[in-house]
Amino acid sequence: MEPTIFDLILSKEIPADVVYEDDFVMGFKDVNPQAPVHVLFIPKVQIKTHNDLNADNMDYVSKIHLAINAYAKQIGVAEDGYRIVMNCNGQGGQTVFHIHMHFLAGRQMQWPPG
Ligand code: AMP
């Protein structure tokens with residue numbers, strides 16, 4: 001599979017502002033933040049879209065959620081709250097085809113999201 005920009009961040013070929021990392025997951029600041037806190041959490045394997053999740057790679061999603069819990073507590077937003085979003089394909093607004101969870105915090109979120 002063609003490497004995406006997120007694969008290049010994982011391999012350190014391009015820089016990113018990394019705020020979280022473990023054996024399975026990396027979290028780095030979004031270059032175009034939509035909230036005071038906007039971090040992208042990605043699995044350290046290439047999974048193109050939500051449609052490509054299956055029984056063999058599903059554990060990465062659990063690891064991402066646990067990473068987000070840890071990070072939300074670390075930066076002190078767990079109690080105030082936050083939003084997590086995963087876009088899928090064209091109508092979902094996905095632009096980078098390596099799954100990523102947007103973690104947004106630090107302001108009141110609106111609904112519907114648009
Ligand atoms: P999505 O539209 O859900 O695929 O989200 C892709 C996100 O990646 C957007 O919010 C972009 O601002 C962000 N993004 C693109 N390139 C980079 C980069 N090099 N470093 C950090 N964030 C990026």
Side-chain angles (χ1 to χ4, degrees):
M1 277 193 282
E2 193 73 5
T4 67
I5 193 151
F6 292 173
D7 293 293
L8 300 178
I9 288 173
L10 278 174
S11 62
K12 318 273 191 212
E13 287 167 75
I14 66 164
D17 193 346
V18 177
V19 297
Y20 178 93
E21 188 163 12
D22 64 28
D23 289 345
F24 307 97
V25 174
M26 179 184 275
F28 52 90
K29 291 186 182 176
D30 196 297
V31 282
N32 184 22
Q34 302 300 310
V37 178
H38 188 173
V39 172
L40 303 172
F41 285 84
I42 68 172
K44 288 187 169 181
V45 292
Q46 201 184 33
I47 302 167
K48 282 175 71 175
T49 80
H50 191 272
N51 292 330
D52 299 305
L53 289 169
N54 57 47
D56 292 333
N57 61 24
M58 191 64 204
D59 279 356
Y60 281 94
V61 176
S62 307
K63 307 272 192 203
I64 286 172
H65 282 289
L66 292 176
I68 288 172
N69 274 1
Y71 185 65
K73 285 195 190 100
Q74 183 196 317
I75 65 166
V77 301
E79 296 309 318
D80 281 348
Y82 51 85
R83 178 167 290 167
I84 53 180
V85 175
M86 190 186 290
N87 299 323
C88 181
N89 280 337
Q91 288 202 350
Q94 185 175 9
T95 57
V96 179
F97 290 85
H98 179 126
I99 61 165
H100 46 282
M101 196 77 83
H102 294 258
F103 172 81
L104 300 138
R107 66 168 170 81
Q108 181 61 52
M109 300 299 155
Q110 306 299 321
W111 197 264

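Just so you know, residue 1 is the first one in the sequence shown, and it goes up from there. Each ligand, and each atom within it, is numbered from 1 in the order the structure gives.
- Considering backbone and side-chain atoms together, V31 places an N or O closer than 3.5 Å to an N or O of ligand 1.
- Backbone and side-chain nitrogen or oxygen atoms of I14 are examined, and none is located within less than 3.5 angstrom of a nitrogen or oxygen of ligand 1.
- The protein atom (non-hydrogen) at minimum distance from atom 1 (P) of ligand 1 is H100 NE2, 3.1 Å.
- Distances between N or O atoms of F6 and those of ligand 1 include no value under 3.5 Å.
- Of the protein's heavy atoms, I5 CD1, 3.7 Å lies nearest to atom 19 (N) of ligand 1.
- For the side-chain hydrogen bond (donor to acceptor under 3.5 Å, both in side chains) criterion with Q46, the lone passing option out of D7, T4, N57, D52 is D7.
- Ligand 1 has no N or O atom lying under 3.5 Å from any N or O atom of H38, backbone or side chain.
- Side-chain contact between Y82 and V37 is absent, with no heavy-atom pair separated by less than 4.5 Å.
- Between Y60 and F24, the ring planes are perpendicular. Angles over 60° get that label, and only those under 30° would be called parallel.
- Atom 4 (O) of ligand 1 has as its closest protein heavy atom T95 N, 2.7 Å.
- The closest protein non-hydrogen atom to atom 9 (C) of ligand 1 is D30 OD2, 3.4 Å.
- In this structure a side-chain-to-backbone donor-acceptor pair under 3.5 Å is present from H100 to H98.
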